[in-house]
J.: 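The structure follows.
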Amino acid sequence: MGIFKGGALRLVQTGLYAITFCCSAIILGFFSYFLSVLADRKLIIPTKWKAVEGLAGAAVLYSICAILLTCCLGGVTFFAFLGLFLDVLFIAAMVAIAIMTRDGAKTCNGFVKTPIGNGLTYQNDGSFGGNGFGSGNGENVTYAVGLKTACRYNKACFAVAIIGALFFLMTALMQVFLARHHKKEKRYGPGPKNNYTS
């Protein structure tokens, strides 16, 4: 750890949390869109899509808090173990999101399963619906993309969930390094025994 001092470790950890924030925000954005399309058309919203939205939202909130607090509290034993515990939980959350969006791993040609519906990609190009844009009877406010585009969005969520799980794993490992470094600094920090005072 000679090259990495506490500040550099915290900076790396903050960067890792920024990446987890981006991964979570991408999933949250796409699924907010999917749910708004389903709600605008008064379609049934499956529980698993609500779960994806909730898990992604929680990951965004946690990542924001972690980015803000890592600079000040990174390495403090209690917060390191709390962060480690939460990182492991969000690894599981990202794996769960990847499992729920696993249809995105398939090809986006022919018959596809997407969060906004299933069908053949060439049958639906996307639109506001039969009655057009508006808030009147039978009109829709949100534009529904075609099934091929929705499949690509789902594919992006699947890939980003896997990447997010890997980066949450890295943040969990960094929590251990930060806690060890903090203990070492505490043990050998400034003092008259070390001929070093602040």
Side-chain angles (χ1 to χ4, degrees), residues 15-67 86-172:
L16 291 173
Y17 277 125
I19 293 170
T20 62
F21 168 77
C22 291
C23 292
S24 306
I26 289 168
I27 297 167
L28 180 64
F30 279 134
F31 271 86
S32 294
Y33 169 72
F34 290 149
L35 296 186
S36 69
V37 168
L38 292 172
D40 191 33
R41 282 149 181 77
K42 295 174 180 53
L43 298 173
I44 295 171
I45 300 173
T47 305
K48 72 176 185 177
W49 300 143
K50 293 177 188 176
V52 169
E53 177 87 0
L55 292 171
V60 165
L61 185 62
Y62 171 65
S63 296
I64 289 171
C65 292
I67 289 168
L86 290 172
D87 287 341
V88 170
L89 284 181
F90 282 106
I91 291 168
M94 287 295 175
V95 169
I97 290 172
I99 290 169
M100 288 185 274
T101 60
R102 68 185 174 270
D103 287 328
K106 299 174 183 167
T107 183
C108 288
N109 293 319
F111 185 83
V112 294
K113 293 181 178 180
T114 70
I116 60 172
N118 305 331
L120 296 169
T121 55
Y122 60 82
Q123 286 181 333
N124 182 349
D125 292 332
S127 68
F128 282 106
N131 294 333
F133 176 76
S135 59
N137 190 16
E139 296 174 334
N140 296 307
V141 177
T142 53
Y143 179 83
V145 296
L147 291 178
K148 187 169 192 159
T149 304
C151 177
R152 289 178 179 159
Y153 291 168
N154 196 35
K155 187 180 289 285
C157 291
F158 174 73
V160 166
I162 293 170
I163 293 167
L166 293 174
F167 274 93
F168 272 117
L169 177 63
M170 286 188 239
T171 60

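Atoms considered below: every heavy atom in the structure, side chains included; atoms not considered: hydrogens, waters and symmetry mates. Everything numeric in this text was worked out from a predicted model, so none of it was measured.
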J.: Going from OH on Tyr153 to OG1 on Thr114, what distance comes out if it is rounded to the nearest 0.5 angstrom?
T.: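 Tyr153 OH to Thr114 OG1: 12.0 Å, rounded to 0.5 Å.
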J.: Using 30° and 60° as the class limits, which term best fits the ring planes of Phe31 and Phe34: parallel, tilted or perpendicular?
T.: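 Because their plane-to-plane angle is over 60°, the rings of Phe31 and Phe34 count as perpendicular.
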J.: Going by the rule side-chain hydrogen bond (donor to acceptor under 3.5 Å, both in side chains), which residues pair with Ser63 if we only count those two or more places apart in sequence or in a different chain?
T.: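 Scan of Ser63 (side-chain hydrogen bond (donor to acceptor under 3.5 Å, both in side chains), adjacent residues dropped) gives Thr20.
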J.: Hey, what do you get for SG (Cys23) to CD1 (Ile162), rounding to the nearest 0.5 Å?
T.: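 Answer for the SG-CD1 pair, Cys23 versus Ile162, is 11.0 Å.
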J.: Using a 3.5 Å distance criterion without hydrogens, assess whether the side chain of Arg152 forms a donor-acceptor pair with backbone atoms of Thr149.
T.: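 Not at all, since once roles are kept as given, no pair shorter than 3.5 Å links the two residues.
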J.: So, taking the atom named CG in Leu55 and the one named CE in Met94, what distance separates them when rounded to the nearest 0.5 Å?
T.: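 Reported to 0.5 Å precision, the distance equals 8.5 Å.
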J.: Less than 4.5 Å apart, side chain to side chain, heavy atoms only: is that true for Asp87 and Tyr62?
T.: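 Yes, at least one pair of side-chain atoms sits under 4.5 Å.
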J.: Give, for atom CG of Leu120 and atom CG of Asn109, the distance between the pair rounded to the nearest 0.5 Å.
T.: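 It is 11.0 Å, given to the nearest 0.5 Å.
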J.: Enumerate the side-chain hydrogen bond (donor to acceptor under 3.5 Å, both in side chains) contacts for residues 43-58, please, sequence neighbours excluded, ordered by first and then second residue.
T.: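 Checked against side-chain hydrogen bond (donor to acceptor under 3.5 Å, both in side chains) - neighbours excluded - the pairs reaching residues 43-58 are Ser32-Glu53.
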J.: For a quick test of reading the model, state the closest non-hydrogen atom pair linking Ala25 to Val60 and the distance between them.
T.: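 Reported closest heavy-atom pair: N-CG2, 3.5 Å.
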J.: Verify, without hydrogens or angle tests, whether Thr101 (side chain) and Gly104 (backbone) share a donor-acceptor contact under 3.5 angstrom.
T.: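 No.
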J.: Which residues pass the side-chain contact (heavy atoms from CB on, under 4.5 Å) test with Ala56, not counting sequence neighbours?
T.: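 Residues passing side-chain contact (heavy atoms from CB on, under 4.5 Å) with Ala56: Ile27, Leu28, Ile97.
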J.: Indicate the atoms forming the closest heavy-atom contact of Phe30 with Ala156, along with that distance.
T.: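 Result for this residue pair: CE1-CB, 4.0 Å.
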J.: Please list, chain by chain and in numerical order, all residues satisfying side-chain contact (heavy atoms from CB on, under 4.5 Å) with Ile67, sequence neighbours excluded.
T.: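 Only Thr14, Tyr17, Ala18, Phe21 meet the side-chain contact (heavy atoms from CB on, under 4.5 Å) criterion with Ile67.
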J.: Compare all side-chain heavy atoms of Met170 with those of Phe167 and state whether any distance is below 4.5 angstrom.
T.: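 Answer yes - side chains close enough.
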J.: List the residues meeting disulfide (SG to SG under 2.5 Å) with Cys157, not counting sequence neighbours, and say none if there are none.
T.: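 Not a single residue meets the disulfide (SG to SG under 2.5 Å) criterion with Cys157.
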J.: Under the side-chain contact (heavy atoms from CB on, under 4.5 Å) rule, collect the residues that match up with Lys106, sequence neighbours excluded.
T.: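 Result, side-chain contact (heavy atoms from CB on, under 4.5 Å) vs Lys106: Asp103.
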J.: Once rounded to the nearest 0.5 Å, what's the spacing between atom OG of Ser24 and atom CZ of Phe90?
T.: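 It is 8.0 Å, given to the nearest 0.5 Å.
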J.: Do the side chains of Ile116 and Val145 get nearer than 4.5 Å, heavy atoms only?
T.: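 They are in contact (side-chain heavy atoms under 4.5 Å apart), so the answer is yes.
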J.: Side chains of Asn154 and Lys113: any donor to acceptor distance under 3.5 Å?
T.: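 Short answer, no.
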